[in-house]
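Side-chain atoms are counted along with the backbone in the values below, which use heavy atoms only and exclude waters and symmetry mates. Note that the structure is a prediction, hence the values are computed from the model and not measured.
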Amino acid sequence: MEALIKAKDRDIISKYGKLKGWDVCNSLGLQSFGEVYILSDFIDTNNSQIREIFGEEPLLCRTDAPIGQGYKMIRGRDVKLDDINDYLAEVKKCTDDGVILMSKHPSTILTGYYTPRYKTKGAIMVVFEKGDRILIDYVGSGFDVGDITRGKTIHTAISIPWDSIYEKPIHNYKDAKMMGEGLFQITDKQYRVSRNNRINELTLNLKEQEVDEIENSIPKETPKLDYKLFNQLYDECIDKIIYGDFNMSSKPFGIMMNIYEDKFCVFEVWNIQRSISKNIELDR
């Protein structure tokens, strides 16, 4: 494999967990990001062709590995091209098979300008448990979907029984608020801890430098998943899965997304097998 290749070959796409999930996402018509390149070895960042592809803005960089090795990988980051080889060196310490999935940043694609992760409008993960429920996990502004997937925090969670998923969103939203077991909302005290942990995560682990700007960007008020966002989620994401031409697996799977201004960017259709097994795959 060349050090940097465009993700378009079916055999290569099927090899990597996150990359395969991104491909399924695109096949469902979910709003995602643009072309993805697989970086497997160090590159000459001064190469004019490479610089023309990626530009000067920070790139969306997600770490990936062959299916079954996903648990080894470090968190993705927004990385400028000049720093990409240093980041790859960190990835290779996890496993020699580790790669970076590089693309222009979705915030740049969707809004026209780069938005650092501490200025997102939040993130959502939707888990489909066929025959049981749909679980919606939400974090507010300044947080990203990695906080959910890595068990860092959840600010609002809504559970929709499977026999209600075809109801109008307003009914499911109201039912969740009325039924205690269908709704989790973080307390103000818990959120203060969550906020402090997020600031530390951004500055210590994710290498963000603007400490004062980070603290000012992450709201002190406890976030809640409002109906407007819930309805948009149904319209743009959930409906495309439950009404689409998609063979839902009997095993839990999910979609994960960040929110940039008022736009969703769905990173992948996720299933746990991409991290723990090479033999069980998401049905398509």
Participant: Going by distance alone, is a donor N or O of one side chain under 3.5 Å from an acceptor N or O of the other, for Q69 and T95?
Facilitator: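 Yes, side-chain donor-acceptor contact under 3.5 Å.
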Participant: Given the rule in the salt bridge (Lys or Arg N to Asp or Glu O under 4.0 Å) test, do E90 and R77 qualify, once you have shown the distances and angles that lead to the verdict?
Facilitator: CA-CA 12 Å; E90 294 183 50; R77 292 183 203 153; 2.7 Å; yes
Participant: How is the hydrophobic cluster of Y114 composed, in terms of its other members, when Ile, Leu, Val, Met, Phe, Trp and Tyr link through side-chain heavy atoms under 4.5 Å apart, directly or indirectly?
Facilitator: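 Hydrophobic cluster check, Y114: no partners found.
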Participant: Which heavy atom of E268 sits nearest a heavy atom of W22, and at what distance?
Facilitator: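 Scanning both residues completely, I find the closest heavy atoms to be CB-N, 3.6 Å.
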Participant: Scan side-chain atoms only and decide if D188 and T222 contain a donor-acceptor pair under the 3.5 Å cut-off.
Facilitator: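 Yes, side-chain donor-acceptor contact under 3.5 Å.
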Participant: Just to verify, what does E129 make a salt bridge (charged side-chain N to carboxylate O under 4.0 Å, His left out) with, not counting sequence neighbours?
Facilitator: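 Only R133 meet the salt bridge (charged side-chain N to carboxylate O under 4.0 Å, His left out) criterion with E129.
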Participant: What heavy-atom pair brings L30 and C237 nearest, and what distance separates the two atoms?
Facilitator: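 Taking every non-hydrogen atom into account, CD2-CA, 3.8 Å.
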Participant: Test your reading of the model: is there a side-chain donor-acceptor pair from S164 to the backbone of I160, 3.5 Å cut-off?
Facilitator: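 No; zero donor-acceptor contacts below 3.5 Å.
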Participant: Can you list the residues that meet the salt bridge (charged side-chain N to carboxylate O under 4.0 Å, His left out) rule with K92, with sequence neighbours excluded?
Facilitator: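 Not a single residue meets the salt bridge (charged side-chain N to carboxylate O under 4.0 Å, His left out) criterion with K92.
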Participant: Does the plane of the ring in F253 sit parallel, tilted or perpendicular to the ring in F128? Use 30° and 60° as the thresholds.
Facilitator: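 Rings of F253 and F128: parallel, as their planes differ by under 30°.
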Participant: Considering non-hydrogen atoms only, spot the tightest contact between Y260 and S107 and give its length.
Facilitator: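 Closest approach of Y260 to S107: CD2-CB, 3.5 Å.
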Participant: Check step by step if side-chain contact (heavy atoms from CB on, under 4.5 Å) holds for I218 and F143.
Facilitator: CA-CA 8 Å; I218 301 178; F143 292 75; 3.8 Å; yes
Participant: With salt bridge (charged side-chain N to carboxylate O under 4.0 Å, His left out) as the test, pick out the partner of E201 among R195, K152, R117.
Facilitator: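 When salt bridge (charged side-chain N to carboxylate O under 4.0 Å, His left out) is applied between E201 and each of R195, K152, R117, only K152 qualifies.
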Participant: Would you please say whether a donor-acceptor pair under 3.5 Å links the side chains of Q190 and T187?
Facilitator: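 Their side chains do contain a donor-acceptor pair, which is all the 3.5 Å distance test asks for.
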Participant: The criterion is ring-ring contact (aromatic ring centres under 6.0 Å, His included); which residues satisfy it with Y138, sequence neighbours excluded?
Facilitator: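 Y138 satisfies ring-ring contact (aromatic ring centres under 6.0 Å, His included) with no other residue.
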Participant: Test your reading of the model: is there a side-chain donor-acceptor pair from H155 to the backbone of G140, 3.5 Å cut-off?
Facilitator: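 Here the side-chain-to-backbone pair exists.
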Participant: Return the set of residues passing side-chain contact (heavy atoms from CB on, under 4.5 Å) with N85 (not counting sequence neighbours), or none when no residue passes.
Facilitator: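 side-chain contact (heavy atoms from CB on, under 4.5 Å) check on N85 returns F42, I43, T45.
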Participant: Roughly how far apart are I13 CD1 and K15 NZ, rounded to 0.5 Å?
Facilitator: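 Separation between the atoms: 13.0 Å.
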Participant: Can you list the steps and then say if I67 with Y16 is a side-chain contact (heavy atoms from CB on, under 4.5 Å)?
Facilitator: CA-CA 5 Å; I67 292 173; Y16 293 99; 5.9 Å; no
Participant: Under the 4.5 Å side-chain heavy-atom rule for ILVMFWY, direct or indirect, which residues accompany Y113?
Facilitator: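 Grouped by the 4.5 Å side-chain rule, Y113 forms a cluster of one, so the answer is none.
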Participant: Go through the steps to decide whether R198 and D144 satisfy the test salt bridge (Lys or Arg N to Asp or Glu O under 4.0 Å), and finish with yes or no.
Facilitator: CA-CA 10 Å; R198 175 60 171 166; D144 64 54; 2.9 Å; yes
Participant: List the steps and the verdict of side-chain contact (heavy atoms from CB on, under 4.5 Å) for I259 and L229.
Facilitator: CA-CA 10 Å; I259 307 167; L229 190 60; 3.9 Å; yes
Participant: Do you see a donor-acceptor pair shorter than 3.5 Å between the side chains of Y243 and D239?
Facilitator: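 Note: Y243 and D239 side chains miss the donor-acceptor criterion.
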Participant: One pair to check against salt bridge (Lys or Arg N to Asp or Glu O under 4.0 Å): D96 and K72. What are the steps and the verdict?
Facilitator: CA-CA 11 Å; D96 289 339; K72 299 178 181 180; over 6 Å; no
Participant: Can you confirm if the aromatic rings of Y173 and Y234 lie within a centre distance of less than 6.0 Å?
Facilitator: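 Aromatic pair excluded; centres sit 6.0 Å or further apart.
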Participant: Specify the closest pair of heavy atoms between T63 and R75, including all atoms of both residues, with the distance to one decimal.
Facilitator: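 Between these two residues, the closest heavy atoms are CG2-O, 4.1 Å.
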